[in-house]
Each structure stands twice: as C-alpha cells, then as structure tokens.
Number of protein chains: 2
Amino acid sequence: MYSDVLFVDKNGKPSRAVASDPNLELSERVRNAFNQHARPFHDGAVILLENDECHSVFCVLEGWLSLSKSLDEGQTQIIDFALPGDIVDPAAADGITSSVSIEALTDGSLAAMPYASWERMTAEWPELHRHEHRLKGADQARRAERMLRLGKGTAEMRVAYALLEFCIRLGTVCDGGTPEFHIPLTQQQLGDFIGLSSVHVCRTMRRMVRNGILEMTDHMNIKVLDGDGLAQLAAVDRRALKGEILPARA
Amino acid sequence: MYSDVLFVDKNGKPSRAVASDPNLELSERVRNAFNQHARPFHDGAVILLENDECHSVFCVLEGWLSLSKSLDEGQTQIIDFALPGDIVDPAAADGITSSVSIEALTDGSLAAMPYASWERMTAEWPELHRHEHRLKGADQARRAERMLRLGKGTAEMRVAYALLEFCIRLGTVCDGGTPEFHIPLTQQQLGDFIGLSSVHVCRTMRRMVRNGILEMTDHMNIKVLDGDGLAQLAAVDRRALKGEILPARA
DNA sequence: CGGGCAGAATGATTTAAATCAACATGATAC
DNA sequence: GTATCATGTTGATTTAAATCATTCTGCCCG
C-alpha cells in the first residue's frame, strides 16, 4: 500500500524525504508556473513511449518516474529515475523524438511544459536556467557512474552503488547515523536498473544483509547499518559523490 | 601512423568525414569565437582528469577525444567519444567537478571556453544555444542506446551497435553503398567502450568478418559489407537511429 | 475462509564472457 | 638486421551471472 506515498520509514510515517520539497529553493513565481502545468499521474501509468513524439519538458513535482528503453525481445533497461524536483527533457537530437519511455512508479504529479513555454521560462528566469544546468550536471554524473559499473563492476558493486545513489538522492542523512528509506521498486526493476537478473539482485542483497551491511523489511524498506562498508563495496567516496549528483542547495 | 590524421580510406586518402566540417552550419561569428579559444592537442594527451576542477566548455574542432571513468583497480569505462563539432561540458552537479576524464585519441584541436564566455556566447547567439541543445539531445540518445546494450545486450549486439554508431556519426553513407571508415581505437579501447574484454571484441569482430558482415584491414579500417545484417545484430532501425543521434543539419 | 497471484528466496544447472596462455604481426628503436 | 614492444589472434579453462525450477510469503478478492 505504498502506491500513494513516496517514502515511508519503518513505522509507516512519511520520511523527511517527502517532507522537504526539492523545489523549495526556487522562487515562488517559478513554482507557480510549474503548478499551472501540473497534472497528476498514477502508479504504473505510461507517461510517454520511447520513439514517440514529445513536445514538453517535464518537472516531477511528486512521486517517482522511471526512464527506460527496451529491446524487441522485451528486455528493459532503466536508464534513470526521476524524483521530485527533477527535470526531464527526453528529446533526442531531432528535438522531437523521445529517447526513452517514461513510466510512473508511484502516484504523484508532474508539470508538463511545452517547449515554447519552457524556453520562455528559462530565458526569463535565470535562476531556473541555472537550476536546470545543475540538474543536467547531476544527471550526467549519475549516469556516468552507473555506466562505469554497468560495464566494469561486479554485481555487488552495482547494487551497492545503486543503494548509495538512492540514499543520497533521497536526502536521507548518509554520514553518521543509520540512513533508512524506501524505494518503490521490485527486485526485477532494480535489476533492470543495474543490469542484473532479479534472482541475482535478491542473492546479492541477501548477502549484504547477512554481512551486516543492510537491514531489509517489508518490500524494499532499507536500513543502511554500515555506510562505510557499503561505500567500499560500491567503490565510491560518499562525500565526493554527494557533491557530484546532488544539485547544491542555495 | 594514423596519429595525425583523423580518418583515412583504404587508399590512405582523407575520407569525406574529415573533409566536411561539422561546424560549418554555424555562422562565421560563432566559428570565429571558437577559433579564438582554439588550442591543439596530441594523441594520448590528457586534457582533464575525472574529479578535477574544470572551468570551461570544450568544443572539438578536429580529432577524437574519449570521455572515460575508471575504478581504482585500473579498469576503465569509456562513457562517450567526442568528435569534431561536439560540445563537451564535463561538469557535475556542483558546476565545477569533472564527471569524466578527457583524453585525446588522435592529434587535433579544441576550443576551451571559460564558463563565463560560454554563457555570454549562448545568451547572445540563439543559433549556438539551439545547436548546443540538439547536441545534448544526441548525446543523451546515444548514451541511452549504449546503456541499454551494456545492461541487456550480447557481445555481438554491443559491437554491432558501436560500429553503426560510428558509421552514422562519421557521416559515412550508411544506406545503400558500402560505408567504410577508420576508428582510431585499439580493440582494448573498443572493449572499454562497450564493456567487453579485448579478447572478446576480437573474437566477435572476427566472427562478423567470417559471416560476411564486415571487412577489416590494417588496424580498425572497417568496411560494412552488409549494413542490414549489422543493423539486425545491433537491434536498431538505422534510419530512426540516424535521426536520434545526428543533430539535424540546417 | 480458501484460492489465486505477485514478489521474493533459494537450490541446481547452464552459459556467455573473462581470464590465462601462447603465438603472430608489424612498427620502432638501437 | 635484430631486439623490443604494442597489438591482435586463437585455443583452453575458469567464473560470474543467467536461467530454470521450486517453495515461501503476504495480499487482495470473491
């Protein structure tokens, strides 16, 4: 019954990840503009299909989206997730064709801004332009980190990195304390994200639990017991990663 | 002895890929601005290191660059290649830290434009702003296609896709006729690009040669005998891919 | 309440690709 | 000319992960 909340802690209360709005740093006029283009979506909804025409830039206001691509034989790779505050421009080089499919992983809402409006907005509001640029940098850094592990990392490294990435993006305290969060994904979907079979995702996470790195409750309610151990498995410097994939808050 | 030329055909003459300047579609004032920031680089030169500070946007004027990331144990993943006309902004979310290492694969030259200058240029010249946007779309589409195959594709699919991508990016005629081009990469580097060992790259390409899909001469001089076969192995629609990863020429 | 179902856990087997090893080729250096 | 080195080729072996198969769990629904 997580379909209509984003994150819950082990007691079922919304965690601070949902409490803080990542768009808050933006001025009211920008947020108003977003709200004027807002529309709700539901868990499982298909927002856009790969290769379809797309005429808008999206900003996630609430909920999780997945950006994915599939092969004919039905195999899917999740390219990225879009979380609240993220801006998604799926267009390929022609400016029209979407390079990914966009699907809702939870209930939520997004702002769909036609290209013309979007260009006007970014031209008019430098803060929005800067914000978009920072988010693009975060996107690029995140995807490059994942590509590195997709090409060269072990299963353990891929899982560990993905969990750390979630941990950082959700804004859960990740240095000191024991971060705890929920990800609205099945093991199959997590596998589609990091290029592993669901079976192998399961085994790998179980092993981490046995080794005292994690604790898992319900479906994908994750508590990081040993952050340093996890970072070591992921082969990342947590502090540096945070700077690279989290747009600096004003 | 390919270190100082970009592409040569089987006779050693420069191919049309080097003959046509991808920046030609830009106005003279933009090209002049690029030329004012131009500086040469040499095969093997390290332009920038992952995690270093970076204060410029780069535009490749001539030659090939690789954008890569490495694990501590020395394993490298090439995230993308930058070819003449490509714009590279390596900054992560903080706007300063580079998310990739940049190295020269051939001799060539690039324009390094400090962020301040770059922002002035894009603000002043809408054509440049549009051009940058198209290139970002191409980038995104390309990387997503590769991620899909990195996560879900066989060795054969990865190699075939990479070759098709080169074929399209180099602007060699890819429908009808037999495209032919040179890539300034070792099998090791090609493997680092598509997440395979050099040995497996070798075997896979040999098999393609045996099956009459390709012909290879010298080091990485490639002739595509059966473009349709190659596209089928890569699981792509060549026409569609072209639209997605090639910025439309005016 | 029991049946049906999606997701998860876990053992057994297969397979694609890595690794190891040996050798070939061509370029450069001495 | 010969030594050296990087690259490519090919065979043999190992290994990480996929696949197949079964059982378990909690959940929704008639």
Side-chain angles (χ1 to χ4, degrees), chain A residues 1-4 10 12 43-44 71 73-77 105-106 149-160 162 182-211 214-222 233, chain B residues 1-5 8 12 43-44 71 73-77 105-106 149-162 182-211 214-222 233:
Chain A
M1 210 296 237
Y2 291 126
S3 60
D4 54 352
K10 62 174 173 183
D43 186 7
L71 293 171
E73 306 99 60
Q75 297 173 103
T76 297
Q77 173 71 37
L105 296 171
T106 68
R149 286 165 183 83
L150 212 45
K152 297 279 136 95
T154 62
E156 200 161 53
M157 187 182 290
R158 297 187 210 184
V159 171
H182 172 74
I183 31 183
L185 302 173
T186 63
Q187 295 183 341
Q188 174 69 54
Q189 289 168 319
L190 184 51
D192 286 344
F193 182 49
I194 56 185
L196 295 175
S197 69
S198 60
V199 174
H200 208 60
V201 168
C202 179
R203 282 190 224 281
T204 308
M205 292 185 79
R206 277 292 120 214
R207 181 149 24 96
M208 287 178 178
V209 170
R210 273 199 303 279
N211 294 345
L214 301 178
E215 208 167 88
M216 289 172 60
T217 57
D218 294 326
H219 281 207
M220 294 281 149
N221 237 333
I222 290 162
L233 291 181
Chain B
M1 209 294 240
Y2 291 127
S3 61
D4 55 352
V5 289
V8 289
D43 186 6
L71 293 171
E73 307 98 62
Q75 298 174 101
T76 297
Q77 173 71 36
L105 295 172
T106 66
R149 286 164 183 83
L150 212 43
K152 298 281 135 99
T154 62
E156 199 161 54
M157 187 182 289
R158 298 186 210 184
V159 171
Y161 173 79
H182 171 74
I183 32 184
L185 300 173
T186 63
Q187 294 182 344
Q188 175 68 55
Q189 289 168 319
L190 184 53
D192 286 344
F193 183 50
I194 56 186
L196 294 176
S197 70
S198 61
V199 175
H200 208 59
V201 168
C202 179
R203 281 190 223 283
T204 308
M205 292 185 80
R206 279 290 121 215
R207 184 150 22 97
M208 288 179 178
V209 170
R210 272 199 304 279
N211 294 345
L214 301 179
E215 208 169 89
M216 289 171 61
T217 57
D218 294 324
H219 282 207
M220 294 282 150
N221 236 334
I222 290 161
L233 291 181

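The structure displayed is predicted, hence computed values, not measured ones. Sequence lines set the chain letters: A, B, ... in the order given, protein chains first and strands last, and positions in each chain run from 1.
Taken from CG in A/Leu233 to CE in A/Met208, the straight-line distance is 5.0 Å, to the nearest 0.5 Å. Interatomic distance, A/Leu105 CG to A/Gln189 CD, rounded to the nearest 0.5 Å: 5.5 Å. Distance check: B/Ile222 CD1 to B/Ile183 CD1 gives 3.5 Å after rounding to the nearest 0.5 Å. Note that CD of B/Gln187 is 7.5 Å distant from CG of B/Leu190, once rounded to the nearest 0.5 Å. Atoms CZ and CD, on B/Arg207 and B/Glu156 in that order, are 4.5 Å from each other to the nearest 0.5 Å. Interatomic distance, B/His219 NE2 to B/Leu185 CG, rounded to the nearest 0.5 Å: 12.5 Å.
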Restricting to nitrogen or oxygen on both sides, can you table the protein-nucleotides 14-17 of chain C pairs closer than 3.5 Å?
unit_1 : atom_1 : unit_2   : atom_2 : d
C/dA17 : OP1    : B/Ala155 : N      : 2.8

Between protein and nucleic acid, restricted to nucleotides 10-13 of chain D and to nitrogen or oxygen atoms under 3.5 Å apart, what atom pairs and distances do you find?
unit_1 : atom_1 : unit_2   : atom_2 : d
D/dG11 : N7     : B/Arg203 : NH1    : 3.2
D/dG11 : N7     : B/Arg203 : NH2    : 3.3
D/dG11 : O6     : B/Arg203 : NH2    : 3.0
D/dA12 : N6     : B/Arg203 : NH2    : 3.1

- Going through the distances and angles, do B/Leu150 and B/Gln77 end up as a side chain to side chain contact (heavy atoms under 4.5 Å, CB included)? CA-CA 11 Å; B/Leu150 212 43; B/Gln77 173 71 36; 4.0 Å; yes
- Message: Before you tell me yes or no, could you show the steps for B/Arg158 and B/Thr204 under side chain to side chain contact (heavy atoms under 4.5 Å, CB included), namely the whole-Å CA-CA distance, both residues' side-chain angles and the distance that decides it to 0.1 Å?
- Response: CA-CA 10 Å; B/Arg158 298 186 210 184; B/Thr204 308; over 6 Å; no
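Protein atom CG of A/Leu105 is 16 Å distant from nucleotide atom C1' of C/dG7, rounded to whole Å. For B/Met220 and D/dT9, the CE to C1' distance is 12 Å, given to the nearest whole Å. Taking atom CG of A/Leu185 as the reference point, atom P of C/dA6 lies 19 Å away to the nearest angstrom. The distance from atom CG of A/Asp43 to atom C1' of C/dG7 is 14 Å, rounded to the nearest whole Å. If you take CG of B/Asn221 and P of D/dG8, they are 13 Å apart, rounded to a whole angstrom. In this structure, A/Met216 atom CE and C/dG7 atom P are separated by 14 Å, rounded to whole Å. The CE atom of B/Met205 sits 13 Å away from the C1' atom of D/dT9 (whole-angstrom rounding). Between the CD atom of A/Gln189 and the C1' atom of C/dA6 there is a distance of 12 Å, rounded to whole Å.
From one end of the helix from C/dC1-D/dG30 to C/dC30-D/dG1 to the other, with five pairs defining each end axis, the axis direction shifts by 30° (rounded to 10°).
When each of D/dT9, C/dA9, C/dG7 is scored by its nearest atom to the side-chain atoms of A/His219, the top-ranked nucleotide is C/dG7.
Side-chain N/O atoms of A/Gln188 include none lying less than 4.0 angstrom from OP1 or OP2 on C/dA8. Within the 4.0 Å cut-off from OP1 or OP2 of D/dT9, at least one side-chain nitrogen or oxygen of B/Gln187 is found.
Residues in residues 182-193 of chain A take part in these salt bridge (Lys or Arg N to Asp or Glu O under 4.0 Å) pairs, two or more places apart or across chains: A/Asp192-B/Lys152.
Residues satisfying the salt bridge (Lys or Arg N to Asp or Glu O under 4.0 Å) criterion with B/Arg206, sequence neighbours excluded, are absent altogether.
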Under 3.5 Å, sequence neighbours excluded: what are the donor-acceptor pairs made by side chains of residues 193-200 of chain B?
unit_1   : atom_1 : unit_2   : atom_2 : d
B/Ser197 : OG     : B/His200 : N      : 3.2

